[in-house]
Each structure stands twice: as structure tokens, then as C-alpha cells.
Amino acid sequence: MTELYQHGESSGKKGLWSVITASSVGTLIEWYDFYIFGSLATILSSQFFPKENPTAAFLSTLATFAAGFIVRPFGALVFGRLGDVIGRKYTFLLTLILMGGSTFAIGLIPGYATIGYLAPILVLLLRLIQGLALGGEYGGAATYVAEHSPAHKRGFYTSFIQTTATLGLFLSLGVILITRQSVGVENFEKEWGGWRIPFILSALLVGVSIVIRLRMQESPLFSKIKKEGKLSSNPLKESFGRKENLKMVLLALFGVTAGQGVIWYTGQFYALSFIQKTMNIDFVQSNYIIAIALLLATPFFVIFGSWSDKIGRKGIMMAGMLLGILLYRPIYKQMYSLSDLSLKTELPEKKQLSRTTDLMDGKQSAIVTTTTQKEFSDGTIYKEERKEVLANQSATAALKPEIKKSIQLSTIDFWILIALIGVQVLFVTMVYGPIAAFLVELFPTRIRYTSMSLPYHIGNGVFGGLTPFIAISLTSMSGASPFDGLWYPIGIAAISLIIGLVYVKNGVRNTTHD
């Protein structure tokens, strides 16, 4: 029996569940902090960037969002080394404080209208701090739980850590929806409006998690090798300077985590961007759709994690990638058809048209808002709001009109879209549920935090985190179809699938190299 197995059996289920709960709560809050930004991308683009070009502002927001992913590997190196030198507990306690503090600070930054380009610069800086903190969090939490778990149930127990990323996204969507409903749409979207509340709330959540984590004990395996004087003096050199270990790092990156990353972000974040920006689905309805799909699919993280203990990690993860490669385009075409008004029958007698005029600048100009609402036979409602700034109240617009389109799906289409998103999240659970156990089993205890964190955060953070930005950039090109953005995740997943099938070993490892 391995040390990991023996300790897991002797520590008892009660102690193990305490470890899982303490680790998961903190990790969930860190994911919540990290994903608020993406969940509010549409609103943040109008708050922190110039409004003259909404598409450019939205892409700038996504680029800032992606920046947090790009620096995650650096966080993995910095905090991974600390975790292997000073311990798991205090390292990911530090990452929690950094994440919570930067998230709270984003909620206090004045908008572009108040401080100009200083606003996006400050947001970018804090986003980078978030990325560094998250780069150190996941490896610590996954390692900590794995080093308390029996080997024959490692996939099952570590899968609870895997649920925290999706539950963090779910929590962020829930807090946003509750806040928006409580303060109203207009008050929510103001410069100092309700959208700031989810960021500020982070301080309270992090405070609770810090209290919980302070009560945690150090990992028993780490304590053991520390007592025996077997800690690595240079985890970075040992992880990436030795050919055998570097080979495993590269295999984990290109054979598993890169493909897993694009599947994760396509099925959740790109799906949200697609239904909001491409399909023009109503903000509240789109968030309900994602939230319900996440809630329904989340138990499958544990199901596939547990299943991987019995049949091995490889087959499940490779199957998730293959399904994404084969089914993404058909799924997204079906999604798009639900909002295609040319396929629906309009009810002319239900059409509504209204116009309001607000005077500006001492009656020298005015904002004319024209609102058009159409209803269709299946229950779909289309709303278009067109704002024009008229100079001297003339008929000629001084600036390019600002047009907002919104579609509220019928009840049937609402649930169909939930099902289509849910299928994508199911792919996510297949590639993500077993991956913590897979990564832990590749590396020895003395360098595990460092070795597993880097490939995870390059694959998940860089390849995966860039998915919304690259995909939307591709669809924004002249002559592109709404589905051309899918070629990026499909291509990356295909490369990982081929490498994984050829080089990744199947089966459950019962050794830890220690």
C-alpha cells in the first residue's frame, strides 16, 4: 500500500470530509472572485472602456479577462515553489487573501467616464494579481486533498475540488442576478451601480474562508517528508530541469490540460458570450440559462471522478474531448437557430413603437431613444433600443447611433437552450472531473505542487482562458460566420486528443513516486 492510501484509511472519513470542505470552500470563493469579471464582461466593457466602439470595448474587456489567465502559469511557478518549500496550507491561504483583496478593489475603481484610461489600467493590474493568485490556489487545493485521500478513491475525493470551478461560476451568476433584480436594471448598470456589489461582497466571503483555512492542518505527506529532511531545495529546477519529470510536465500539458482547458471555457464562458453577443439573448434570461445548465450538470464531476478510479482517467478525458470536437458546430448551429427571427412568424398587431427625447447641453442637442418591440407566434419577444444624439435637434445624428438588441426566448426554446448548454457542460465534467487525480499521480510529493500547477495553468489558463477572446475575434472578422470561432477550441482539443491517445497511459496509478 502507498503512504497516500494508508493515511487516507487511518485518518477516517470524518477528517477527510473536513479537509475536502475546507479546501473546497476557499477554492470556490477564489473561482467566484475570478469569474465575476467574465460574467459581467458586457457591462464592464461600457464602464471601463470608451463607448464609441462597443465591439472594440467588449474585445478589450475580454482581453483584460484573458490577461488573468495568461499570468496564471507564473503564479503556478511562484506559489508552487512556496508550496513545496514552506507547505500547502500557508501558501494557498496567501493566494486566497491576494485574490479577495484584488477582487474587492476592482469594485472600487471609478469608471472610464471619471478617470479616463487610468480605469482600464488599474483593472488590468488587479486582474493580473487575480491570475497570479489563482495560479497558486488550484495546485495547492488539489494536492492537499489528494494527500489526505486513499489511492483507490483519489478520483472520487479530488473531484469535489473540480466542482468548485463550475460552482464558483454558478455562484457569481447567482449573486449578479439577485443584485440586478434587487436594485433594478438602471441602477445596476450605472457607473457606481449595483454591478459593483458582487465584487465588494468578495471581502466578506474571503473573510469566512480565511477563518476556515486557519484551522486546517498541514498535509500529512508534506509533514512527513519535511520531518525526514526530504524537501526539495529547488523545486523549479527539479521539476523542469530533469528530463524525466519535464517529459511528464509536457505530456500533461499537450496531451490533457490544453484540450481540457478549451472544452471547459467553450462549454461555459464562450457559450455565455455567444448567447449574449451573437444571439442577443436577454441578459437575465441568458444568465438563468447558464446557471441552470451548470447546476444540472455539476454532479457529473463527481460521477466521472469516481468512475475514473475504476476504469482509469484517460478514456473518460479523451471521450470528453472527442465529443466536443464532433458536436460543437452542430450544437451551436442549433443554438443560433433558436434566436433566428427569420425562422419565426411575427405578430404584426403586437408590434410596439415608442420614442423619447432628452434635452442636453442647454437645449443645443438631444438624445432621442426609439424603442421597438416585436412579438412572435411561438412567444419570442424582440426588443431594439436605438439611441441617437441629434445636434441642434436636427434630423442628422452627430454621432453613430447606439443600438441595443435583446431577444427573450419562448419557454420551449429557453429549455432547449438549457439542454444544449447542459450537454456542453457534460463534456466539461468528463475532461475535468478526473484531471486532479491524474495530475497528482504524475509527480512525487516533494515537487508535486510545482510540477502539476504549471501544466494545469498553461493548459487551462492560456489555451482555455483565451478561448472567448480568440473565438469572438474570429467571428468578428469580415465575412466570418457566427460559428468560425469554434475552430479554435476544436483544433486545440484535436491536437490534445491525438497526443493523449498516443502517449498518455491508461489505468489508475497506485504509486506516488515517494
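Numbers for residues simply follow the sequence, beginning at 1.
- At least one side-chain heavy atom of L134 sits less than 4.5 Å from a side-chain heavy atom of W31.
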| said: Between I472 and Y270, is the side-chain contact (heavy atoms from CB on, under 4.5 Å) condition met? List the steps. | reply: CA-CA 8 Å; I472 292 177; Y270 181 62; 3.9 Å; yes
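- With 3.5 Å as the limit, one finds a donor-acceptor pair spanning the side chains of T166 and Q268.
- Side-chain atoms of S496 do not come within 3.5 Å of backbone N or O of A493 as any donor-acceptor pair.
- Using a 4.5 Å cut-off on side-chain heavy atoms (C-beta onward), Y432 and I263 make no contact.
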| task | With side-chain contact (heavy atoms from CB on, under 4.5 Å) as the test, would you mind laying out the steps for F160 and W17 before giving the verdict? | result | CA-CA 10 Å; F160 287 92; W17 283 113; 3.5 Å; yes
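- Residue F74 qualifies as open at atom CZ: its count of foreign heavy atoms under 6.0 Å is 12 or below.
- A donor-acceptor pair under 3.5 Å is formed between the side chain of S46 and the backbone N or O of I43.
- Ring centroid separation for the pair F301 and W264 does not come in under the 6.0 Å cut-off.
- With hydrogens and angles disregarded, no donor-acceptor distance shorter than 3.5 Å links the side chain of S306 to the backbone of V302.
- Counting heavy atoms from C-beta outward, I495 and F463 have side chains that stay 4.5 Å or more apart.
- Take E189 and apply the salt bridge (Lys or Arg N to Asp or Glu O under 4.0 Å) test, not counting sequence neighbours, and it matches R180.
- Without hydrogens or angle criteria, Y328 side chain to Q424 main chain gives no donor-acceptor distance under 3.5 Å.
- Panel note: side chain S172, backbone Y32; no donor-acceptor pair is recorded below 3.5 Å.
- Two residues are said to be in side-chain contact when any heavy atoms from C-beta on lie closer than 4.5 Å; V123 and T64 meet this criterion.
- Of the possible donor and acceptor atoms, none in the side chain of N245 sits under 3.5 Å from a partner among the backbone N and O of G241.
- With E441 as reference, R154 is the one residue of R448, K314, K505, R154 to meet the salt bridge (charged side-chain N to carboxylate O under 4.0 Å, His left out) rule.
- For the 3.5 Å distance criterion, the side chains of S308 and R313 qualify, holding a donor opposite an acceptor.
- Centroid-to-centroid, the aromatic rings of Y112 and Y117 come within less than 6.0 Å.
- In this structure, L204 and L201 have side chains that are in contact, with non-hydrogen atoms separated by less than 4.5 Å.
- Shown here is F300, whose CZ atom has no more than 12 heavy atoms of other residues, nucleotides or ligands within 6.0 Å.
- When atom types are taken as modelled, the side chain of R72 and the backbone of G131 share no donor-acceptor pair closer than 3.5 angstrom.
- Checking F37, F188, F48 one by one against W195, the ring-ring contact (aromatic ring centres under 6.0 Å, His included) holds for a single residue, F48.
- With a 4.5 Å cut-off on side-chain heavy atoms, M99 and V206 do not count as touching.
- Looking only at side-chain heavy atoms (C-beta outward), T429 and L426 come within less than 4.5 Å of each other.
- The 12-atom threshold is exceeded at CZ of R196, counting heavy atoms of other residues, nucleotides or ligands nearer than 6.0 Å.
- Here the closest non-hydrogen pair linking L253 and G459 is CD1-N, 3.5 Å.
- Using modelled atom types, one side-chain atom of D84 and one backbone atom of T450 make a donor-acceptor pair closer than 3.5 Å.
- For Y90, the OH atom sits in a loose shell: 12 or fewer heavy atoms of surrounding residues, nucleotides or ligands are nearer than 6.0 Å.
- Remark: side-chain polar atoms of T257 are paired, donor with acceptor, to backbone N or O of A252 under 3.5 angstrom.
- Closest heavy-atom contact between I200 and G107: CD1-O, 4.1 Å.
- S159 places no side-chain N or O within donor-acceptor distance of the main-chain N or O of G305, the cut-off being under 3.5 Å.
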